[in-house]
Amino acid sequence: MTFPSGDPWGVPSSPPASEIPASPEPSGPVIAEIAEMQITSTMVRTPVGDLPLAGSRWLVTDHWLSQRRTPTWARIVAFGGICFTAGLSLFLLLFKEAVVQGTVSVTVTSGQHQYVSRVPVRHEDDVNEINQQVNYIRSLAAL
């Protein structure tokens, strides 16, 4: 945008058409999406630039762990029911649920360029889903 030279509070005028940068050519619809990476039939779009899909290499690294914890509702009911159940409600503290936390790193390498995306996971199925998506993208990259 350019402003008139005499009035700093004036309405901006649009730049000439020759100064407007050309938008990149679309490379087709997005087939898969992993975190901030978008995969089309020919390109991998990342926040730092586009990489060609053909010949790209993909690596998945898990950095997550599963812990067993007593849920909040079990704690509240156990301690709230001590007076009414003569302490038997404390057996609810033995109830455990699995809590998954961590990230999965997905690395794409194409030529000399590399991009790493970290995807937060909250359930074990999230890790399996990410691995399935990357396996599908690997099959597309081999074509």
Side-chain angles (χ1 to χ4, degrees), residues 1-3 7-143:
M1 279 189 222
T2 59
F3 290 96
D7 186 14
W9 302 104
V11 179
S13 62
S14 61
S18 62
E19 293 181 19
I20 299 175
S23 60
E25 294 181 18
S27 58
V30 175
I31 296 172
E33 191 169 345
I34 298 176
E36 63 272 358
M37 292 189 294
Q38 296 178 340
I39 293 87
T40 66
S41 60
T42 59
M43 299 295 287
V44 178
R45 296 181 192 154
T46 66
V48 295
D50 293 348
L51 304 172
L53 179 63
S56 61
R57 290 171 294 165
W58 294 79
L59 176 68
V60 178
T61 309
D62 300 343
H63 301 285
W64 61 279
L65 59 100
S66 179
Q67 297 176 341
R68 298 189 51 82
R69 295 184 183 163
T70 303
T72 306
W73 67 265
R75 292 178 187 173
I76 293 171
V77 173
F79 292 123
I82 288 175
C83 298
F84 303 111
T85 61
L88 291 176
S89 64
L90 292 177
F91 281 114
L92 285 174
L93 295 176
L94 297 175
F95 183 78
K96 303 289 182 192
E97 66 181 357
V99 178
V100 176
Q101 59 186 7
T103 60
V104 174
S105 297
V106 179
T107 305
V108 58
T109 305
S110 182
Q112 294 180 347
H113 301 286
Q114 182 176 18
Y115 185 77
V116 179
S117 177
R118 289 176 181 82
V119 184
V121 292
R122 302 225 188 290
H123 197 270
E124 202 169 330
D125 292 338
D126 295 343
V127 177
N128 293 332
E129 181 180 337
I130 292 168
N131 280 315
Q132 288 175 355
Q133 282 184 335
V134 170
N135 285 335
Y136 174 66
I137 295 168
R138 283 177 182 150
S139 67
L140 292 175
L143 295 177

**OP:** List in chain and number order the residues that pass side-chain hydrogen bond (donor to acceptor under 3.5 Å, both in side chains) with Arg57, two or more places apart in sequence or in another chain; answer none if no residue qualifies.
**Re:** none

Subject >> With sequence neighbours excluded, residues passing side chain to side chain contact (heavy atoms under 4.5 Å, CB included) with Leu140 >> reply: Ile31, Leu53, Tyr136, Leu143

Original post:
Distance-only, no hydrogens or angles: does the Ser110 side chain make a donor-acceptor pair with backbone N or O of His113 under 3.5 Å?
Top reply: no

Original post:
How close do His63 and Thr61 get, heavy atom to heavy atom, and via which atoms?
Top reply: NE2-CG2, 3.3 Å

Please set out all donor-acceptor pairs under 3.5 angstrom arising from side-chain atoms of residues 115-133, sequence neighbours excluded.
unit_1 : atom_1 : unit_2 : atom_2 : d
Tyr115 : OH     : Glu36  : OE2    : 2.7
Ser117 : OG     : Glu36  : OE2    : 3.2
His123 : ND1    : Asp125 : N      : 3.1
Asp126 : OD2    : Arg122 : N      : 3.3
Asp126 : OD2    : His123 : N      : 3.3
Asn131 : ND2    : Val127 : O      : 3.2

Original post:
Does Ser56 have any side-chain hydrogen bond (donor to acceptor under 3.5 Å, both in side chains) partners at least two apart in sequence or in another chain, and if so, which?
Top reply: Trp58

Original post:
Once you round to the nearest 0.5 Å, how far does CD1 of Ile137 lie from CE of Met37?
Top reply: 7.0 Å

Original post:
Can you tell if the side chain of Gln114 reaches within under 4.5 Å of the side chain of Val108, non-hydrogen atoms only?
Top reply: no

Original post:
Which residues pass the side chain to side chain contact (heavy atoms under 4.5 Å, CB included) test with Leu65, sequence neighbours left out?
Top reply: Gln67, Gln101

Subject >> Side-chain heavy-atom pair Thr107, Thr109 within 4.5 angstrom cut-off >> reply: yes

Original post:
In Å, rounded to the nearest 0.5 Å, how long is the span from CE of Met43 to CG of Asp50?
Top reply: 4.0 Å

Original post:
Partners of Asp62 by side-chain hydrogen bond (donor to acceptor under 3.5 Å, both in side chains), sequence neighbours excluded?
Top reply: none

Under 3.5 Å, which donor-acceptor pairs do the side chains of residues 82-99 form with other protein atoms, sequence neighbours left out?
unit_1 : atom_1 : unit_2 : atom_2 : d
Thr85  : OG1    : Gly81  : O      : 2.7
Thr85  : OG1    : Ser89  : N      : 3.1
Thr85  : OG1    : Ser89  : OG     : 3.4
Ser89  : OG     : Ala78  : O      : 2.7
Ser89  : OG     : Gly81  : O      : 3.4
Ser89  : OG     : Ile82  : N      : 3.4
Lys96  : NZ     : Thr70  : OG1    : 2.8

Subject >> Close side-chain approach of Gln38 and Val44, heavy atoms under 4.5 Å >> reply: no

Original post:
Hey, are the side chains of Val134 and Val106 touching, using non-hydrogen atoms and a 4.5 Å cut-off?
Top reply: yes

